[in-house]
Q: 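Okay, handing you the structure first.
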Amino acid sequence: MAATEALNLDHPLKAPIRPAMAAEMPSLIGLSREDMGTALLEIGVPQKQVKMRVSQLWHWLYVRGVSDFDHMTNVSKDMREMLKKHFTIARPEIVEEQISTDGTRKWLLRFPPRGAGRPVEIETVYIPEEGRGTLCISSQVGCTLTCSFCHTGTQKLVRNLTAEEILAQLLLARDRLGDFPDRDTPAGAIVPAEGRKVSNVVMMGMGEPLYNFENVKTALLIATDGDGLSLSKRRVTLSTSGIVPEIHRTGAELGVMLAISLHAVRDDLRDMLVPINKKYPLKDLLDACRAYPGLSNARRITFEYVMLEGVNDSLEDAKELVRLLKGIPAKINLIPFNPWPGTNYQCSSWEHIEQFADFINAAGYASPIRTPRGRDILAACGQLKSESERMRKVDRMAFEAMMIANHGED
């Protein structure tokens, strides 16, 4: 497809690939239909045309994936010129694209400052698996939560990403993977949803999604809109460290799958590993999980549990984990800890991890162990970081990395 013609799949790409988003013009990407209609009215589109124009733009942006108004072939030239004068639909700049030997891809993307004082950068990761392709999306530049085992948490929060910037990560990934129909596919043709390279999305990149709820909500509602990108809500997972007041809203207003970064079964330990626990302790968090709208055996909550040697990996921890989750339809993802420079933690031994998993499985909970992915590009859970002090490539190559698996519809 045209989206991938310029991509050399064999080597990482270091130079910028696309022009940066135009900071001086508002983007149509990330607007709801209502807001898009308002924006068109404000530039002089007649009221009687607005509904039709919104429908056209929605199709070109989210079904066909165009990033140039001139490619909207059923929109008049005069209208295209008007749109170009007032709006942008450009993709973010790709600062670096790395492709692992196992097919995992990581993009370092640059966005305009938008109050940050300078352009900002975030990382997005794509993980191909048998039967699915998962895109791990960031919601913030940096993070406020300072989880002690997480490399991303060592980068201070710079700003929230806008709905446009969250959604742009999905659009860009589908561009780079050739996941949109060819440009000359007839308008109105049925475009199959099956066989997509990006079939699953996880909000597990940089940042805490529920501290940027409104922008995340807008972006995910567009991503799951049946007349556009059309992702199944059962294939979209939002991960939170436990922002209790927003958990019910996530289920009620978004209806996506929920993942909880748990990592400890005692408040004193979780206070250290996941400091937000001091504000929202385990009892409050698990009560919110039990009340999650739509919770059922078919729509289980995923609990993330990073395996830290001598910290949270004992048989007693496994027993307490089973006790805490009693009555909650759940899946427990065990995550071998991913090392990063300066950390004081070590990964549990494989034997220890398997024993932990065996106990939880015997108690009736699915307990997959995430398999290592993206070993050569530091694309691992908890390792994404976009500061200039990131490890040099030669150092990154020395660390084992793995990424998101076992999320979304089974």
Q: Using only atom types and a distance under 3.5 Å, with no angle test, would you say the side chain of Ser138 pairs donor to acceptor with the backbone of Gly205?
A: no
Q: Within the supplied structure, the quantity of interest is the number of heavy atoms (other residues, nucleotides, ligands) at a distance under 6.0 Å from Glu214 CD; does it exceed 12?
A: yes
Q: State the CG-CZ distance between Asp175 and Arg91, to the nearest 0.5 angstrom.
A: 4.0 Å
Q: Please step through side chain to side chain contact (heavy atoms under 4.5 Å, CB included) for the pair Val201 and Val256, ending with a clear verdict.
A: CA-CA 10 Å; Val201 163; Val256 297; over 6 Å; no
Q: Determine, step by step, whether Glu208 and Ser139 satisfy the side chain to side chain donor-acceptor pair (under 3.5 Å) criterion, reporting the C-alpha distance in whole Å, the side-chain angles of both residues, the deciding distance to 0.1 Å, and the verdict.
A: CA-CA 7 Å; Glu208 165 55 63; Ser139 57; over 6 Å; no
Q: Donor-acceptor check, side chain of His71 to backbone of Ser67, threshold 3.5 angstrom: yes or no?
A: no
Q: Once you round to the nearest 0.5 Å, how far does CG of Asp317 lie from NE2 of His263?
A: 13.5 Å
Q: Under a 4.0 Å threshold between the charged nitrogen and the carboxylate oxygen, would Lys106 count as salt-bridged to Glu97?
A: no
Q: Quick one: does Asn215's side chain have a donor or acceptor within less than 3.5 Å of a partner on Asn160's backbone?
A: no
Q: Is there a side-chain contact between Ile260 and Ile301, using heavy atoms and a 4.5 Å cut-off?
A: yes
Q: Test side chain to side chain donor-acceptor pair (under 3.5 Å) on Ser348 and Asp313 and set out the steps.
A: CA-CA 7 Å; Ser348 305; Asp313 62 349; 2.8 Å; yes
Q: If you define the side chain from C-beta out and look only at heavy atoms, does anything of Glu129 sit under 4.5 Å from Thr134?
A: yes
Q: Under 4.5 Å between any side-chain heavy atoms of Arg132 and Ser199, yes or no?
A: yes
Q: What pair of heavy atoms forms the shortest contact from Leu282 to Ala264, and how long is it?
A: CD2-O, 4.0 Å
Q: Begin from the C-alpha positions of Ile94 and Leu108 and carry the test side chain to side chain contact (heavy atoms under 4.5 Å, CB included) through to its verdict.
A: CA-CA 6 Å; Ile94 301 177; Leu108 179 64; over 6 Å; no
Q: Does the Lys NZ or Arg CZ of Arg176 fall within the cation-pi geometry relative to Trp107 - under 6.0 Å from the ring centre and within 45° of the axis?
A: no
Q: Hey, could you give me the CG/CG distance between Leu172 and Leu167, rounded to the nearest 0.5 Å?
A: 11.5 Å
Q: Taking all atoms of both residues into account, what is the closest heavy-atom pair of Thr237 and Leu258, and its distance?
A: CG2-C, 4.3 Å
Q: Could you measure the distance from the CG atom of Leu334 to the OH atom of Tyr305? Nearest 0.5 Å is fine.
A: 8.5 Å
Q: Any side-chain to backbone donor/acceptor pair from Asn361 onto Ser367? Under 3.5 Å, distance only.
A: yes
Q: Salt bridge or not for Glu316 and Arg266, using N-O below 4.0 Å?
A: no
Q: If you take all heavy atoms of Asp227 and Val63, which pair is closest and at what distance?
A: O-CG2, 3.5 Å
Q: Report yes if the side chains of Pro119 and Pro113 come closer than 4.5 Å at any heavy-atom pair, otherwise no.
A: yes
Q: With a 4.0 Å cut-off, would you call Lys217 and Glu253 a salt bridge?
A: yes
Q: Within the distance-only criterion (no hydrogens, no angle test), does the side chain of Ser27 pair as donor or acceptor with the backbone N or O of Thr88 below 3.5 angstrom?
A: yes
Q: Atom OH in Tyr280, atom CG in Leu286: separation rounded to 0.5 Å?
A: 15.5 Å
Q: Do Val236 and Leu220 have side-chain heavy atoms sitting under 4.5 Å apart?
A: yes
Q: Are the side chains of Tyr365 and Lys331 in touch, meaning some heavy atoms are under 4.5 Å apart?
A: no
Q: Testing the basics here: between Leu28 and Leu57, what is the closest heavy-atom pair and its distance to 0.1 Å?
A: CD1-CD1, 4.0 Å
Q: With a 3.5 Å cut-off and no angle check, do the side chains of Gln56 and Trp60 form a donor-acceptor pair?
A: no
Q: Looking only at atom types and distance, does a side-chain atom of Thr124 sit under 3.5 Å from a main-chain N or O of Ile137, one as donor and one as acceptor?
A: no
Q: For the residue pair Phe69 and Phe87, is the inter-centroid distance of their aromatic rings smaller than 6.0 Å?
A: no
Q: Let me see the working for Asn277 and Asp271 under side chain to side chain donor-acceptor pair (under 3.5 Å), right down to the final yes or no.
A: CA-CA 5 Å; Asn277 192 73; Asp271 286 350; 2.8 Å; yes
Q: List the atom of Met272, the atom of Tyr345, and the distance in Å for their closest heavy-atom pair.
A: CE-OH, 4.2 Å
Q: Using the test side chain to side chain contact (heavy atoms under 4.5 Å, CB included), find all partners of Thr38 that sit at least two apart in sequence or belong to another chain.
A: Glu42
Q: Within the side chain of Lys233, is there an N or O that forms a donor-acceptor pair under 3.5 Å with the backbone of Leu254?
A: yes
Q: What I want to find out is whether Lys278 reaches Asp267 closely enough, with some N-O distance under 4.0 Å, to be called a salt bridge.
A: no
Q: Out of curiosity, Leu325 CG to Leu321 CG, how far, rounded to the nearest 0.5 Å?
A: 4.5 Å
Q: Do Phe356 and Met307 have side chains that get closer than 4.5 Å, going by heavy atoms?
A: yes
Q: Is the closest basic N to carboxylate O distance between Lys279 and Asp284 below 4.0 Å?
A: no
Q: Looking only at atom types and distance, does a side-chain atom of Glu121 sit under 3.5 Å from a main-chain N or O of Phe111, one as donor and one as acceptor?
A: no
Q: Counting heavy atoms not belonging to Gln346, are there more than 12 under 6.0 Å from its CD?
A: no
Q: Salt bridge or not between Arg159 and Glu165? Use side-chain N to carboxylate O under 4.0 Å.
A: yes
Q: Can you see whether Gln140 engages Asn212 through a side-chain donor-acceptor pair at a distance of less than 3.5 angstrom?
A: no
Q: Check whether the side chains of Ser239 and Glu304 place a donor and an acceptor atom closer than 3.5 Å, and report yes or no.
A: no
Q: Can you check whether Leu135 reaches Arg174 side chain to side chain, under 4.5 Å on heavy atoms?
A: no
Q: So, for Val198 and Leu231, which heavy atoms are closest and what is the spacing to 0.1 Å?
A: O-CD2, 4.0 Å
Q: Taking side chain to side chain contact (heavy atoms under 4.5 Å, CB included) as the definition, give me every residue that meets it alongside Lys51, ordered by chain and number, with sequence neighbours left out.
A: none
